[in-house]
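Heavy atoms only: backbone and side chains are in, while hydrogens, waters and symmetry mates are out.
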Amino acid sequence: MPLITLPHGRGDQAGGQYASSVPDDELTIKLTRDQGLVLSDWLDRMIGTAAFDNLVNEERAVWSPLYAIAGTLDKSLVEIFMPD
């Protein structure tokens, strides 16, 4: 199973060159449920730590996709809110 899939037309190559205009389509990331749980747990533990935040703050634009991924995982994986 591919981890990341792109909508048709995004990143296509034409004649060995990347397409000159890239549509602003959404990106789909496919993970198994176990992978999603591991990533969600890791993000939950890492976001807010000084080392992680300092690293991400070097490229502040990374916060937006990180929060989008973390939020999607939170909405999709109800078991992360179940008691141990």
Side-chain angles (χ1 to χ4, degrees):
M1 166 188 302
L3 247 192
I4 299 176
T5 58
L6 296 172
H8 179 69
R10 185 167 174 116
D12 286 347
Q13 291 186 349
Q17 300 293 320
Y18 286 102
S20 60
S21 65
V22 178
D24 192 20
D25 295 331
E26 292 184 358
L27 175 71
T28 301
I29 299 173
K30 293 185 179 186
L31 302 171
T32 66
R33 193 160 211 78
D34 287 345
Q35 290 171 327
L37 287 168
V38 169
L39 181 57
S40 177
D41 179 65
W42 183 81
L43 286 170
D44 186 57
R45 287 184 289 115
M46 295 305 295
I47 293 175
T49 64
F52 186 82
D53 290 356
N54 288 337
L55 178 64
V56 176
N57 283 337
E58 291 178 17
E59 291 291 335
R60 297 187 72 77
V62 174
W63 280 117
S64 177
L66 280 174
Y67 281 127
I69 292 168
T72 300
L73 289 169
D74 286 352
K75 286 190 278 185
S76 302
L77 301 168
V78 296
E79 52 269 54
I80 63 175
F81 298 107
M82 297 175 135
D84 292 336

Pair listing, side-chain hydrogen bond (donor to acceptor under 3.5 Å, both in side chains) test, anchored in residues 50-59, at least two apart: N57-R60, N57-W63

Pairs involving residues 34-45, ordered by first then second residue, that meet salt bridge (charged side-chain N to carboxylate O under 4.0 Å, His left out) (sequence neighbours left out): D41-R45

Nearest-0.5 Å distance, CG of residue L31 to CG of residue L77: 9.0 Å

If we ignore hydrogens and angles and just use 3.5 Å, is the side chain of S40 paired with the main-chain N or O of G36 as donor and acceptor? no

Quick one: do L55 and I47 end up in the same hydrophobic cluster if we chain Ile, Leu, Val, Met, Phe, Trp and Tyr together by side-chain heavy atoms under 4.5 Å apart? no

Rounding to 0.5 Å, atoms CG (L73) and CG (L37) come to a distance of 8.5 Å

For T49, enumerate each residue passing the side-chain contact (heavy atoms from CB on, under 4.5 Å) test, keeping only those at least two apart in sequence or located in another chain. M46, F52

Report the C-alpha separation of V38 and Q35 in whole Å, then their side-chain angles, then the decisive distance to 0.1 Å, and conclude whether the side-chain contact (heavy atoms from CB on, under 4.5 Å) test is met. CA-CA 5 Å; V38 169; Q35 290 171 327; 5.8 Å; no

